[in-house]
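Read the numbers this way: they start at 1 and go in the same order the structure lists the ligands and their atoms.
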Amino acid sequence: MHEMILCKLGEVVLKGLNRRSFEDKLMSNIRRRVSKCGSFRIYSKQSTIYVEPQSGACDVEAAYDACRKVFGIICVSKAVPCEKNVQAIIATAKEYLADSMRSARSFKVESKRADKTFPLTSIQLSQQVGGALHQAFPACAVDVHDPELTVHIEIRDEQAYVHGPSEAAAGGLPLGMGGTAVSLLSGGIDSPVSSYMIAKRGVNLEMVHFFSPPYTSEAAKEKVLSLAKLLVPWCGRMTVQLVPFTEIQEEIRRSCPEEYFTLIMRRFMMRIAQRAADQIHARALVTGENLGQVASQTIEALGVTEEVTTLPVLRPLIGMDKEEIIRLSRMIGTFDTSILPYEDCCTVFTPRHPRTRPQLDEVRAAESVLDIEGLVDRAMKGREFVRLKY
Ligand code: ATP
Ligand code: MG
């Protein structure tokens, strides 16, 4: 028995005329992901992408786990091909699905015939295989309405396939179909989740992180890189741009009113992120901002923050409760790292009384004493680039 992986397409199937390019993108994304697990043949037929190991050396389990995180796939299952006759199908199902049949309380068999010359109808085939499985595993009852386990049999041109149970996969759209955006990644809980959510809609991400030594430590920077690494299986290979932010923060502290520290700092983040985006032809910025969470996230503050960029600022967490964000953060695996206690540059010079209803003209006047272009230029020049792969 050699097992293979079947990936069922999600929203890609709604793409009409563009569907071909979505499928091609998805296949190349899968190919890149599973390449480290061995040599696989990858092809698509009827809303399914087949990932077939080419030798016994392939790590099918690892490839299966990787496929579950590829955006554009709605569910995955494993399947075993066999000869196209009822006896072979029954023997394969009995052996391959023994564990699932033993642990499920009820099951049904569903058959599909792509090859219409097969001598049995789908219903006849389901009945015969179902009967044989029930005989072999009498504790598992037949239930055609609400079974715990559905056994899928497919008759295709060359072979028949017996599927194992399917599991939910990542959903969303294939990475790359939605272009590229720059995501502002801090060491907190929110921005890894916002990055994940925008990547899920098919957008490639380049990360930008601001750090302020000696106010922020080397360990804080390492923490952000660890978060980025945890995002790679979802968001794909990426570059993290580490932007030195100390000079900007010190200048703001020296020359601007305390109540506007955070907002002026955030405007610098946006300007630099936009510059970085322009260089790589990215078309949007992504942040983990969330309405009302902190003083710099009131509607007025968000307006003042985004006024310095012409790019759309995507804030996928804007209306979510912290609990929902935490749930997602646990699901994608970043939560435990996010809560490690390291300082972020945002918390270095926090004003005692930040303005929650800032006036744009006051903020502009307050920052006008700074050499904005010079500060941005130097921060851009001081960037360090870290490339992360699968
Ligand atoms: P997070 O949990 O993502 O840190 P937060 O609720 O702590 O978010 P802020 O610290 O105000 O909120 O930051 C809001 C957003 O600004 C973050 O979600 C992130 O997108 C961006 N951001 C904050 N600090 C940094 C940083 N040091 N480098 C890059 N982006 C940052
Ligand atoms: Mg933060």
Side-chain angles (χ1 to χ4, degrees), residues 181-199 205-213 215-217 219-225 227-228 230-231 235 238-246 248-249 252 261-277 284-298 301-302 304-306 308-309 311 313-326 328-330 332 334-351 354-356 358 379 382-384 386:
V182 163
S183 184
L184 286 82
L185 184 66
S186 73
I189 294 171
D190 301 335
S191 47
V193 176
S194 54
S195 303
Y196 157 84
M197 286 178 73
I198 294 302
L205 298 180
E206 175 119 346
M207 303 297 182
V208 166
H209 174 69
F210 301 93
F211 70 111
S212 297
Y215 308 104
T216 63
S217 62
K221 195 160 95 181
E222 285 307 316
K223 172 187 171 180
V224 171
L225 290 175
L227 284 171
L230 291 170
L231 287 171
C235 305
M238 61 173 72
T239 298
V240 184
Q241 303 192 8
L242 297 162
V243 185
F245 210 49
T246 314
I248 291 174
Q249 287 196 288
I252 297 173
F261 276 3
T262 311
L263 277 178
I264 294 174
M265 179 187 82
R266 297 199 58 73
R267 284 162 64 88
F268 272 96
M269 288 187 175
M270 290 291 160
R271 289 186 185 101
I272 293 169
Q274 157 127 33
R275 285 256 201 117
L285 306 181
V286 181
T287 78
E289 287 163 317
N290 172 266
L291 199 57
Q293 201 184 74
V294 289
S296 58
Q297 295 175 18
T298 62
L302 295 174
V304 167
T305 303
E306 72 184 11
V308 294
T309 172
L311 291 172
V313 180
L314 308 179
R315 302 180 171 101
L317 312 186
I318 197 71
M320 287 169 73
D321 286 349
K322 196 74 187 184
E323 267 183 41
E324 300 173 74
I325 300 171
I326 289 177
L328 272 175
S329 152
R330 287 188 196 281
I332 63 176
T334 50
F335 182 75
D336 292 338
T337 305
S338 286
I339 59 173
L340 294 175
Y342 292 113
E343 60 293 332
D344 181 66
C345 69
C346 279
T347 53
V348 174
F349 306 129
T350 33
R355 282 286 287 271
T356 53
R383 284 175 301 170
E384 227 182 282
V386 180

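Residue Val286 places no N or O, backbone or side chain, under 3.5 Å from any N or O of ligand 1. The distance criterion of under 3.5 Å between nitrogen or oxygen atoms is not met by Val294 with respect to ligand 1. Checked against a 3.5 angstrom limit, the closest N/O atoms of Phe210 and ligand 1 fall inside it.
Between Tyr215 and Phe349, the distance from one ring center to the other falls under 6.0 angstrom.
Nearest heavy-atom pair across Leu227 and Ser186 is CD1-O, 3.9 Å. Residues Pro192 and Leu185 approach most closely at N-CD1, 3.8 Å, considering heavy atoms. Residues Val308 and Thr305 come closest through the heavy atom pair CG2-O, 3.5 Å. Closest heavy-atom contact between Ala379 and Ile272: CB-CD1, 3.7 Å.
With distances taken over non-hydrogen atoms, the option nearest atom 26 (C) of ligand 1 out of His209, Arg315, Met207 is His209.
Residue contact check: Arg266 has heavy atoms under 4.0 Å from atoms 11 (O), 13 (O), 14 (C), 15 (C), 16 (O), 21 (C), 23 (C) of ligand 1. Each of the following atoms of ligand 1 lies closer than 4.0 Å to a heavy atom of Gln297: 9 (P), 11 (O), 12 (O), 14 (C). Within the listing of ligand 1, atoms 20 (O) sit less than 4.0 angstrom from a heavy atom of Thr287. Annotation for ligand 1: atoms under 4.0 Å from non-hydrogen atoms of Gly188 are 1 (P), 2 (O), 4 (O). For ligand 1, the atoms lying closer than 4.0 Å to a non-hydrogen atom of Val208 are 29 (C). Against a heavy-atom cut-off of under 4.0 Å, Gly288 is close to the following atoms of ligand 1: 17 (C), 18 (O), 20 (O).
Proximity of Val224 to ligand 1, defined as any heavy-atom pair under 4.0 Å, is not found for any part of the residue.
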List the steps, then state whether salt bridge (Lys or Arg N to Asp or Glu O under 4.0 Å) holds for Arg266 with Glu306. CA-CA 9 Å; Arg266 297 199 58 73; Glu306 72 184 11; over 6 Å; no
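Remark: Lys221 pairs with Phe211, Glu218, Leu242, Glu384 by the side chain to side chain contact (heavy atoms under 4.5 Å, CB included) rule, at least two apart or across chains.
Between the Ser195 side chain and the Ser191 main chain, a donor and an acceptor come within less than 3.5 Å of each other.
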